[in-house]
Amino acid sequence: MTTQLDHPTLDADAVAEVAQQWLSGFAELLRTASGGESLLHQNLWWRDLLAFTGDLRSLHGRDKVDRLLAVALTQHVRGEQVDPTSPPVFVPVGEGAIRLLFRFDTQLGHVRGVASLVFDRGNWRARNLLTALDSLAGHESAIGDSRPQGTEMPEGRIEYWSARRERELDCRDRDPEVLVIGAGHSGLALAAHLGALGVRTLLVDRAERVGDNWRGRYDSLVLHDAVWSNHLPLMPFPPNWPVFTPKDKMGDWLELYSRAMELNVWTRSEVVETTFDPDDRRWTVVVDRDGTRRTLRSWHVVLATGLSGTEPMMPDFEGTEDFTGELLHSSDYRTDRARRGTRTVVIGTGNSGHDIAQDLHESGARVTLVQRGPTHVASGRALSERGRFRYGEHTETDVADLLDAAVARRDPQFVDGLRRGVGLLAEEDRDLLDGLTARGFVHNSGPDGAGVMMLFLTRNGGYYIDVGASPMIVDGRIGLASGAISRLVSDGLILADGTYVPADTIVCATGFRGILETARNILGDDVADACTPVWGLDDEGELRSVWRRSGHDRFWLNGGNFMLVRNYSKYLALQIKADLAGIELPGLC
């Protein structure tokens with residue numbers, strides 16, 4: 001593999017030849033654990049999703065890579081091929097790289113991968129690698145060519161579709177193998193993957209209807225992420241879907257999705273008691289379904305009620321008892337035209353704080369937004385346009401998901417790329433950002449200057465993706481005050497510098513206590529205390545405890561934005577299916 005790097009002459013045929021030669025050598029490396037020096041860059045980052053580690057791992061360093069190769073020897077790699085749906089391409093960034101998507105089979109199942117090859121010391125070597133389990137051998141998803149016929153009947157009786165769905169929805173014959181608490185986008189996405197794998201799954205949710213978690217919020221709310229990255233598994237949005245989805249439209253889509261995907265959802269339902277038998281490794285769960293209690297026994301329980309949690313974090317301000325107006329948390333805020341003309345204050349400058357300030361202004365209230373700490377701002381327009389380079393009209397979502405997963409988050413190249421992206425976005429948003437600065441807004445570029453993505457991965461907050469509020473701050477339609485809050489008074493609040501901000505209503509957009517507190521309230525102290533910390537990056541750059549083992553046997557946490565949930569709930573579903581089928585996933589020694 002010594003084809004010289006010459007940008008003008010490295011045509012498609014040359015790229016394809018290099019890619020095929022490298023893949024053949026790589027497959028042989030996985031079969032023999034020898035010859036890696038000419039194939040793998042000495043600074044390789046190898047991300048593995050279940051295929052060889054049985055976990056979500058990002059490996060860097062010779063020792064870890066050698067341990068993975070030792071596991072690969074036991075997996076009998078075969079059938080390697082360049083991905084027929086995505087030909088390899090030369091990416092002329094920096095010194096240039098060949099991007100290769102590939103597939104192969106192991107005794108565990110089917111694996112998809114991505115390699116980024118750079119020309120190094122006379123050979124094309126992988127600088128970045130992804131190997132991701134795509135299906136379990138003998139337990140493939142019932143999709144595409146394997147889809148059901150639709151004419152199947154239970155043995156010994158005639159039963160048509162509507163009767164079968166009623167029986168399945170009621171869990172009439174058998175308890176669910178998996179109980180998912182929460183029927184928002186993360187619970188539904190996981191249930192869709194599990195359903196395609198033939199796993200009996202039940203979702204329970206306190207809402208009246210699927211999608212009410214969106215419908216019940218303030219009127220102006222739209223998704224801050226663009227449509228291209230927000231598709232749910234197996235059922236993309238129609239091509240005329242708006243770029244930023246209005247909240248009621250999203251609620252209706254989730255309800256439609258749950259029905260079209262034949263997901264078993266109990267609404268108006270709440271988990272009231274749970275116990276876990278460590279010997280039997282099985283859950284006993286009591287569910288109150290619209291006033292009727294039902295005891296279920298399931299093998300796995302998944303909490304999918306939102307990573308931020310459901311327990312509001314309400315500040316204990318000095319003088320709270322003196323304030324005579326309306327004081328509420330953002331979770332309780334709803335659009336109310338009766339606030340027209342009143343003085344309102346929103347505390348907090350994340351997405352919710354900005355959104356609520358915008359909603360109040362559009363309702364006719366006089367609004368002041370209080371910024372207590374620096375906040376990163378990027379426009380939704382600029383982010384959506386940059387996102388179209390990967391997630392766009394003409395990119396297959398599963399390919400985009402693989403490319404997104406192929407980068408290790410502790411890789412300095414990844415952080416450098418994010419930092420460059422922040423600079424480019426700032427130039428596109430220059431007038432907006434300068435206008436905010438002139439109004440006294442304090443900016444934050446995020447950890448290592450890496451912006452929205454790194455703030456999301458490490459804090460799940462600290463930023464605002466602008467969908468309308470920032471221009472209102474710039475032109476003064478939304479007032480801005482900065483600083484710590486000293487105390488509340490009868491008709492407003494006092495900042496640490498003595499500034500008085502009048503208020504008839506104060507909304508605290510101050511976040512939630514996290515999903516483990518929700519787990520504690522629903523499942524008890526023993527479950528919550530057994531779990532490892534949730535969210536934030538571990539030493540390898542993987543998100544902690546989400547879509548992977550939580551610390552408590554057969555208890556899982558699923559959540560994140562639409563893009564991450566769509567992709568990673570598949571790996572959670574594969575782990576659950578493997579456990580139910582008695583398949584032992586590999587692991588590093």
Side-chain angles (χ1 to χ4, degrees), residues 23 27 30 48-56 71-72 74-86 101-114 130-155 164 168 174 176-178 180 188-202 231-236 257 260-264 299-300 302 396-402 405-406 547-548 556 558 565-587:
L23 179 59
L30 295 175
D48 182 76
L49 308 180
L50 305 183
F52 299 116
T53 63
D55 195 0
L56 312 185
V71 174
T74 69
Q75 288 298 309
H76 308 295
V77 170
R78 59 194 180 278
E80 63 275 7
Q81 62 171 321
V82 174
D83 194 320
T85 66
S86 302
L101 276 71
F102 57 88
R103 303 168 181 257
F104 56 76
D105 292 315
T106 70
Q107 69 176 20
L108 180 63
H110 185 65
V111 175
R112 298 185 69 180
V114 180
L130 170 73
T131 47
L133 183 67
D134 193 58
S135 63
L136 293 163
H139 301 277
E140 292 78 8
S141 294
I143 60 176
D145 292 340
S146 301
R147 72 178 74 222
Q149 291 295 312
T151 58
E152 298 87 352
M153 292 284 181
E155 185 176 352
R164 174 179 62 80
E168 291 173 346
R174 294 178 294 177
E177 295 170 290
V178 178
V180 180
L188 296 174
L190 175 62
H193 281 303
L194 289 169
L197 290 168
V199 176
R200 299 191 310 279
T201 305
L202 174 67
H231 299 294
L232 287 168
L234 308 176
M235 186 175 165
Y257 180 84
M261 298 301 294
E262 299 188 10
L263 307 181
N264 301 321
W299 295 106
H300 292 262
V302 182
E396 293 294 330
T397 304
D398 65 332
V399 171
D401 282 342
L402 278 175
W547 321 304
R548 53 201 301 212
W556 308 84
N558 188 36
V565 161
R566 177 190 57 250
N567 192 13
Y568 289 93
S569 60
K570 176 177 75 174
Y571 302 111
L572 173 51
L574 287 171
Q575 291 173 83
I576 291 173
K577 179 64 178 182
D579 182 79
L580 293 171
I583 299 170
E584 184 175 353
L585 296 176

[X] vs [Y] side-chain heavy atoms within contact, under 4.5 Å:
X    : Y    : value
L580 : H300 : yes
R566 : L234 : no
F102 : S86  : no
K577 : L136 : yes
H110 : R103 : yes
V82  : L101 : no
L49  : T131 : no
T106 : H76  : no

If you look at every heavy atom in [X] and [Y], which pair is closest and at what distance?
X    : Y    : value
A191 : T201 : CB-CG2, 4.1 Å
L108 : L50  : CD2-O, 4.0 Å
A137 : Q107 : CB-O, 3.9 Å
S569 : L190 : O-CD1, 3.5 Å
W556 : Q575 : CZ3-OE1, 3.6 Å
E152 : Q149 : OE2-N, 2.7 Å

Taking side chain to side chain donor-acceptor pair (under 3.5 Å) as the test, write out the residues that go with R548, two or more places apart.
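Only D55, D538 meet the side chain to side chain donor-acceptor pair (under 3.5 Å) criterion with R548.
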Name all residues meeting the side chain to side chain donor-acceptor pair (under 3.5 Å) criterion together with R112; count only those two or more places apart in sequence or in a different chain, and write none if there are none.
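Testing R112 for side chain to side chain donor-acceptor pair (under 3.5 Å), a comparison that skips the adjacent residues, returns D83, D398.
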Tell me if a side-chain donor or acceptor on E140 pairs with a main-chain N or O of S135 at a distance below 3.5 Å.
no
Output yes when a side-chain donor or acceptor of E80 lies under 3.5 Å from a complementary backbone atom of V77, and no otherwise.
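The answer is no, because no donor-acceptor pair under 3.5 Å joins these two groups.
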May I ask you to say whether R164 pairs ionically with E262, meaning some side-chain N is under 4.0 Å from a carboxylate O?
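Salt bridge between R164 and E262, a charged N being under 4.0 Å from a carboxylate O: yes.
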Pairing of D134 and K570 as salt bridge, 4.0 angstrom limit
yes
Gap separating the [atom1] atom of [X] from the [atom2] atom of [Y], nearest 0.5 angstrom:
X    : Y    : atom1 : atom2 : value
Q81  : D105 : CD    : CG    : 8.5 Å
Y257 : M235 : OH    : CE    : 8.0 Å
N558 : L188 : CG    : CG    : 10.5 Å
H193 : N567 : NE2   : CG    : 7.5 Å
F104 : L23  : CZ    : CG    : 8.5 Å
L197 : L194 : CG    : CG    : 6.5 Å

Using side chain to side chain contact (heavy atoms under 4.5 Å, CB included), reason through L30 and F52 one step at a time and then give a plain yes or no.
CA-CA 10 Å; L30 295 175; F52 299 116; 4.2 Å; yes
Please tell me whether T53 and D48 have a donor and an acceptor in their side chains that are separated by less than 3.5 angstrom.
yes
Counting only heavy atoms not in E584, do more than 12 fall under 6.0 Å of its CD?
no
Would V178 and W299 count as a side chain to side chain contact (heavy atoms under 4.5 Å, CB included) here? Give the steps.
CA-CA 6 Å; V178 178; W299 295 106; over 6 Å; no
Where do V565 and L232 land on the side chain to side chain contact (heavy atoms under 4.5 Å, CB included) test, with the steps shown first?
CA-CA 8 Å; V565 161; L232 287 168; 5.7 Å; no
